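In the text below, chain A, chain B and the rest are named by the order of the sequence lines, each starting its count at 1. This one's a predicted model, so the numbers in the text were calculated from it and none came from an experiment.
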Protein chains: 4
Amino acid sequence: MRADALRNRDQIVAAARVLFITHGVEAPMEEIAKAAGVGVGTLYRRFPDRGALMDAVTVDVFHRLTGMIATARDEESSAWDALRRFLREWAEFRLGLLQDPLCSGMSQALRTNSELREIRTRWLELFERTVQEAQQAGDLRRDVGLMEIATFMNLLIRDEQTETTGRILAFMLDGLAVTPGT
Amino acid sequence: MRADALRNRDQIVAAARVLFITHGVEAPMEEIAKAAGVGVGTLYRRFPDRGALMDAVTVDVFHRLTGMIATARDEESSAWDALRRFLREWAEFRLGLLQDPLCSGMSQALRTNSELREIRTRWLELFERTVQEAQQAGDLRRDVGLMEIATFMNLLIRDEQTETTGRILAFMLDGLAVTPGT
Amino acid sequence: MRADALRNRDQIVAAARVLFITHGVEAPMEEIAKAAGVGVGTLYRRFPDRGALMDAVTVDVFHRLTGMIATARDEESSAWDALRRFLREWAEFRLGLLQDPLCSGMSQALRTNSELREIRTRWLELFERTVQEAQQAGDLRRDVGLMEIATFMNLLIRDEQTETTGRILAFMLDGLAVTPGT
Amino acid sequence: MRADALRNRDQIVAAARVLFITHGVEAPMEEIAKAAGVGVGTLYRRFPDRGALMDAVTVDVFHRLTGMIATARDEESSAWDALRRFLREWAEFRLGLLQDPLCSGMSQALRTNSELREIRTRWLELFERTVQEAQQAGDLRRDVGLMEIATFMNLLIRDEQTETTGRILAFMLDGLAVTPGT
DNA sequence: CATGAATGAGTTTTCATTCAT
DNA sequence: CATGAATGAAAACTCATTCAT
């Protein structure tokens with residue numbers, strides 16, 4: 001793939017990632033192409049239909065989420081601190097998972113698209129390990145699962161008001177923490 | 001207004017309320033009409049455009065929310081119990097506010113539509129009073145506002161998985177509660 | 001026919017006559033009904049479809065035109081004066097003939113509707129006689145026919161600017177007059 | 001602009017010009033597209049709504065009228081001859097101005113659309129000059145203005161019967177001429 | 001008999017996707 | 001390979017006409 005073609009591809013995915021969140025996954029393809037600085041034709045050459053584009057965005061988002069959580073685990077001293085930092089950054093960058101939050105509903109794509117399958121697995125593993133460690137350390141409630149956290153995050157990022165969103169996340173983190181009296 | 005026309009109107013609003021939540025506010029007008037058991041023409045006779053229908057649904061939702069919170073306040077012994085019950089029922093019935101959660105963005109409609117203005121005010125007053133009483137009783141954190149709660153609820157009801165949604169709400173309520181150690 | 005029913009009928013025809021001219025013969029039936037102060041149902045009870053209403057308006061217009069020309073002939077001293085007065089009043093009241101100006105294209109209606117047939121004939125006779133007399137008196141050019149005058153009038157009344165319309169008619173009358181040098 | 005796209009654009013404007021006159025400015029967009037040999041989508045890509053198409057037709061008509069009057073002025077020996085030839089050709093080709101005949105009512109479009117503004121001005125200047133010259137030469141009555149002529153023409157071209165239309169114009173030209181006895 | 005509610009066919013308009021340049 | 005033009009199916013909206021109240 002030529003350098004410029006690759007750049008185009010990246011710009012399209014980036015534009016789609018943003019527009020899918022801000023304008024919904026129904027955002028006009030022409031808008032996405034314009035935001036990416038290319039013609040629709042170019043978009044369709046790379047991604048035969050909206051589904052393919054959504055899958056590509058999902059892969060991209062998984063990559064970013066994986067990077068985020070990996071960094072947080074490296075740099076924070078506890079799993080609980082890493083988890084909280086990860087979720088705050090997730091919210092801040094509004095990385096949407098588009099489909100159901102663990103993307104288990106994407107059975108078709110998961111079967112076909114090995115890149116998607118692999119990055120999803122890697123992220124899930126890191127995420128799950130962090131959650132379990134935080135629970136074992138006695139910081140995170142034991143009755144919470146990946147599904148609840150991911151679903152909550154996926155809902156949260158749909159909101160536009162960053163200020164309010166941040167406070168809601170803070171309340172939720174307090175709700176998830178193990179408190180002395182519990 | 002004729003009895004049958006009123007019945008149709010109610011069915012349209014009810015159908016729209018459900019479809020707006022489950023399929024988004026872009027749900028085809030024809031679908032809404034079909035779900036209400038009427039022709040599109042009937043829908044458009046009552047509601048000249050999508051905005052008018054959205055306003056009507058919002059009024060309806062405010063009425064239901066007002067009824068819910070009023071009942072909860074009557075039947076529960078503390079403001080905190082009433083608030084929790086209200087939020088659980090709100091989630092259960094998935095009453096979406098469509099626009100921004102306190103509907104302050106509906107400036108146009110709020111100016112024009114006095115019915116909307118009144119029921120919104122009534123609901124907000126009841127809601128605010130309940131929050132303040134729960135805070136004064138030492139049950140609800142003092143750093144939480146209507147906006148956070150309403151925004152959270154509005155995001156929450158977009159989710160389809162009732163099971164998960166219920167648990168997320170429970171975690172949030174724990175996060176909002178004043179815990180002995182705080 | 002009851003008195004009120006008759007009044008309704010007249011109001012409908014009057015409203016239609018005006019709206020057909022000002023908003024075109026495509027004017028919404030509901031608008032016509034509203035302008036007449038009745039419901040659409042009432043309109044359709046009297047006139048089974050748009051065509052029937054148009055025919056009724058045409059009959060009404062022929063009646064008014066016949067009255068106008070008859071009065072003008074009675075009160076003016078020459079056929080030419082009568083003709084000019086008639087055309088000025090026709091323009092002033094904007095009485096449109098809706099279909100082709102002599103309504104010869106209405107073959108269907110002319111066959112079915114004897115009232116229409118009769119009043120049309122009566123008007124045409126008066127009109128033609130006036131034209132011929134004015135020609136014989138040496139006031140009106142001999143190369144002009146009913147068709148040209150009626151077509152011109154029918155076009156003229158479509159214009160909304162009474163001021164300009166009046167001047168156009170004046171120029172045309174000068175063009176129709178026999179001038180000394182011709 | 002690509003050659004084929006330009007050809008399509010021209011065909012659309014040409015089709016619209018004809019259909020707007022023969023079937024009124026309410027002519028179905030789909031009909032216009034079909035007459036132009038393109039799909040509706042193509043039409044809407046060029047002209048976002050009916051108004052934009054009407055403006056384009058108006059620009060086109062002004063261009064043609066300007067060409068007509070310029071040629072007439074070049075080839076005829078007197079202003080009066082040029083004016084008469086111009087008006088005859090205008091009627092023959094049935095070039096309608098759609099809105100009010102001098103398009104002064106198009107204030108919005110005149111402000112936005114500089115192409116429209118310029119060609120309208122150019123045409124008006126040529127037209128006015130011709131009228132004034134014919135008046136100064138003693139051929140055209142001095143009490144007639146652009147507005148009356150343009151309004152008359154705009155009404156005239158709505159008629160379908162070319163035969164009658166031609167005779168009406170001839171009478172009008174006689175009415176506008178300075179006759180020896182006047 | 002009057003009313004205005006309901007219907008659905010016809011139009012306008014948008015947009016995903018294909019294809020000529 | 002990139003572009004943006006063309007297409008047509010789908011959704012929004014209007015209105016003539018019918019019919020229940």
- Task: Apply ring pair (Phe, Tyr, Trp, His ring centres under 6.0 Å) to D:Phe62 and list each qualifying residue two or more places apart in sequence or on a separate chain.
- Result: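 If we apply the ring pair (Phe, Tyr, Trp, His ring centres under 6.0 Å) test to D:Phe62, skipping adjacent residues, the hits are D:Trp123.
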- Under the side chain to side chain donor-acceptor pair (under 3.5 Å) test, which residues partner D:Asn113, sequence neighbours left out?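 Checked D:Asn113 against side chain to side chain donor-acceptor pair (under 3.5 Å); zero matches.
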- Task: With heavy atoms under 4.0 Å as the rule, sort D:Arg46 into base, sugar-phosphate or nothing.
- Result: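 The residue D:Arg46 makes sugar-phosphate contact but no base contact.
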- Task: Check every strand shown and say whether C:Asp4 touches a base, only sugar-phosphate, or nothing at a heavy-atom separation below 4.0 Å.
- Result: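 Nothing, no heavy atom under 4.0 Å.
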- Message: Between C:Thr42 and B:Arg9, which residue's closest nucleotide on DNA chain E lies nearer the 5′ terminus?
- Response: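 Residue closer to the 5' terminus by nearest nucleotide: C:Thr42.
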- Message: If you assign D:Arg50 and C:Arg45 each to the DNA chain E nucleotide with the nearest heavy atom, which residue ends up on the more 5' nucleotide?
- Response: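 Between the two, 5'-proximity favours C:Arg45.
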With sequence neighbours left out, write down each residue that passes side-chain contact (heavy atoms from CB on, under 4.5 Å) with [X], or none if nothing qualifies.
X: C:Arg45; result: none
X: B:Ile21; result: B:Arg94, B:Ile157
X: B:Tyr44; result: B:Met29, B:Val40
X: C:Glu26; result: none

Only pairs under 3.5 Å count here: list side-chain donor-acceptor contacts from residues 50-60 of chain B, not counting sequence neighbours, and write none if there are none.
unit_1	atom_1	unit_2	atom_2	d
B:Arg50	NH1	B:Val25	O	2.6
B:Arg50	NH1	B:Ala27	O	3.0
B:Arg50	NH2	B:Ala27	O	3.0
B:Thr58	OG1	B:Met54	O	2.8
B:Asp60	OD1	B:Arg64	NE	3.4
B:Asp60	OD2	B:Arg17	NE	3.0
B:Asp60	OD2	B:Arg64	NE	3.0

- Give, ordered by number, those residues of residues 14-21 of chain B having at least one heavy-atom distance below 4.0 Å to an atom of DNA chain E; if nothing qualifies, reply none.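 The stretch gives none, as no residue of it lies under 4.0 Å from the strand.
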- Task: Figure out the CG/C1' separation between B:Leu53 and F:dA12, and round it to whole Å.
- Result: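 Checked: the CG to C1' distance equals 13 Å.
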- Message: Is the shortest side-chain heavy-atom distance between A:Glu31 and A:His23 below 4.5 Å?
- Response: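 In short, these two side chains do not touch, never coming nearer than 4.5 Å.
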- Query: Do any pairs count as a salt bridge (charged side-chain N to carboxylate O under 4.0 Å, His left out) and have a residue in residues 110-120 of chain B, sequence neighbours left out, and if so which ones?
  - Reply: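 Passing the test, one end in residues 110-120 of chain B: no pairs.
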- Message: Counting neighbours of CD on A:Gln161 that are heavy atoms of other residues, nucleotides or ligands and sit closer than 6.0 Å, is the number greater than 12?
- Response: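 Yes, because the 6.0 Å sphere around CD of A:Gln161 holds more than 12 heavy atoms from other groups.
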- Enter the distance from C:Ile12:CD1 to C:Leu43:CG here, rounded to the nearest 0.5 Å.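 Nearest 0.5 Å value for the CD1-CG distance: 4.5 Å.
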- Query: To the nearest 0.5 Å, how far apart are CD1 in C:Ile32 and CZ in C:Phe47?
  - Reply: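 Taking CD1 in C:Ile32 and CZ in C:Phe47, the distance rounds to 10.0 Å.
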- Query: Heavy atom of residues 22-41 of chain D under 4.0 Å from DNA chain F: which residues?
  - Reply: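 Per residue number, the list reads D:Val38, D:Gly39, D:Gly41.
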- Message: Just to be sure I follow the notation: if a pair is Watson-Crick (purine N1 to pyrimidine N3 plus N6-O4 or O6-N4) or a G-U wobble (N1-O2 and O6-N3), each under 3.5 Å, what dot-bracket string does DNA chain E give, with | for pairs to another strand?
- Response: .||||||||||||||||||||
- Query: What are the two closest heavy atoms between B:Ala15 and B:Ala35, and how far apart are they?
  - Reply: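 Closest pair (atom of B:Ala15, atom of B:Ala35, distance): CB-CB, 3.9 Å.
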- What are the 5'-most and 3'-most nucleotides of DNA chain E lying under 4.0 Å from any heavy atom of chain B?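 Reading along DNA chain E, I get E:dG4 to E:dG8.
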